[in-house]
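Notes follow the structure.
So that the names make sense, note that chain A is the first sequence line, chain B the second, and so on, each numbered from 1. Not measured: the values here are computed from a predicted model.
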Amino acid sequence: MPELPEVETIARGLDRRVRGATIVSVWLGEKPEPFRSPPAVLEKALTGSHIARVHRVGKHIIIDLEPAGSSHKREAAPAQWLVHLGMTGRMLVAEAEAAVLPHTHAIVDLADGRQLRFVDPRRFGRLSIAEPPAAQASAEPGKLFRGTGREPLDISQRDFDALFRGRRTPIKSALLNQKLLHGVGNIYADEGLFRAGIRPRRQAGRLSHAELARLRAGLQAVLQEAIVLGGSSVSDYVDSDGQRGFFQLEHRVYLRTGEPCRVCQTPIRRILVAGRGTHYCPNCQK
DNA sequence: CATGTTTCCTGACAGC
DNA sequence: TGCTGTCAGGAAACAT
């Protein structure tokens, strides 16, 4: 399940491998679920474009596109290809001859003979195009898509506190809400709350300033450490080079139900919050 | 508007 | 072996 650190790792790998490549043609599969923009829009924006940069916003991979060739060819505007991996989505760079995996929904042919392939068995992932408003050449093509919430690694403490003010929902639900913070999913919500010593069901709006400061620090620490280790490989996550991450070895609560807490040896407990498996230490978290 | 619940999907796994 | 049922979860749709 790719969250912020996994998506960051994948985006960095893709940037290294396909930045500067030119897209010559596109194949889109029959299943409609992966296409959040109409297939015709995807096809038109991608075909003939040049990949200027690959980066991350929240859990989205952003591929900045530029119209190919000299600028006065057509009035084609810069656009962005947005990829959300959902639960099981993958973006692979492959040689054209390589076997096509089952559940491949899109294949983008590059001028150098390689391909970018989107594979997603569960089809929770989504491909879309962000374009500047009609007839208005965007001044900042790299920033068309701004995401749905705030970046957890950039946000100030003041803004972080304001996100949760007055909310009666459990803090874990608030952390998963992409309209508040984006990029945090089930793993890093649980791990961040553990580091902050806060129980997942605590009402978001009732946390003290000190607790919110610990939460922001814990969340940022866990995200940054995970990026360094290439993300968490639970189930079958691998990055764009097919490499597994190693942060799962550092998990203190996630998927450790019944195992002793690494700090106090109390068995880790599992409950359901916002419909998701939620793990915490009943002794360390208050 | 805020919050909770249901839905979409397939692979993995338990139980028989 | 092979079938059935259950579960996982991000985010949108829907209900309260």
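A:R195 and A:E225 are joined by a salt bridge, as a carboxylate oxygen and a charged side-chain nitrogen come within less than 4.0 angstrom of each other. A salt bridge does not link A:K286 to A:E211: none of the charged nitrogens lies less than 4.0 Å from a carboxylate oxygen. For A:K172 and A:D190, the salt-bridge test passes: some basic side-chain N is under 4.0 Å from an acidic carboxylate O.
Taking the nucleotide of DNA chain B with the nearest heavy atom to each of A:R168 and A:P102, the more 5' of the two is matched to A:R168.
C:dG9 atom P lies 10 Å from atom CD of A:E3, rounded to whole Å.
The two residues A:P102 and A:V119 have their closest heavy-atom pair at O-CG1, 3.5 Å. In this structure, A:I129 and A:A79 approach most closely via the heavy-atom pair CG2-CB, 4.2 Å.
Counting non-hydrogen atoms of other residues, nucleotides and ligands closer than 6.0 Å to CZ of A:R214 gives a total above 12.
Within the 4.5 Å cutoff, the side chain of A:D64 has no heavy atoms near those of the A:P78 side chain. A heavy-atom distance below 4.5 Å is not found between the side chains of A:E8 and A:L223.
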Can you check nucleotides 5-8 of chain C for protein contacts, nitrogen or oxygen pairs under 3.5 Å, and list what you find?
unit_1 : atom_1 : unit_2 : atom_2 : d
C:dA8  : OP1    : A:R270 : NH2    : 2.5
C:dA8  : N3     : A:R122 : NH1    : 3.0

Hey, what are the protein-to-nucleotides 11-14 of chain C N/O distances that come in under 3.5 Å?
unit_1 : atom_1 : unit_2 : atom_2 : d
C:dA11 : OP1    : A:H84  : NE2    : 2.4
C:dA11 : OP2    : A:K59  : NZ     : 3.2
C:dA11 : OP2    : A:Q178 : NE2    : 3.3
C:dA11 : N7     : A:R276 : NH2    : 3.4

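Under the 30°/60° scheme for interplanar angles, the aromatic rings of A:F160 and A:F164 are found to stand perpendicular.
Clustering of Ile, Leu, Val, Met, Phe, Trp and Tyr by side-chain heavy atoms under 4.5 Å joins A:F194 with A:V253, A:V263, A:I268.
The structure places CZ of A:R126 at 9.5 Å from NE2 of A:H84, a figure rounded to the nearest 0.5 Å.
Residue A:L212 is grouped with residue A:Y188 when hydrophobic side chains (ILVMFWY) are merged at heavy-atom distances under 4.5 angstrom, including chains of intermediate members.
In the helix from B:dA2-C:dT16 to B:dC16-C:dG2, the terminal helix axes, each the rotation mapping four pairs' C1' atoms onto the next four within five end pairs, subtend 40°, rounded to 10°.
Counting 5' to 3', DNA chain B first comes under 4.0 angstrom of a heavy atom of chain A and last does so at the ends given by B:dT3 to B:dG11.
Within 4.0 Å of A:R126, counting heavy atoms only, lies no atom of the nucleic acid at all.
Pairs passing the side chain to side chain donor-acceptor pair (under 3.5 Å) check and including a residue from residues 23-39 of chain A, sequence neighbours excluded, read A:S25-A:D109, A:E33-A:R123.
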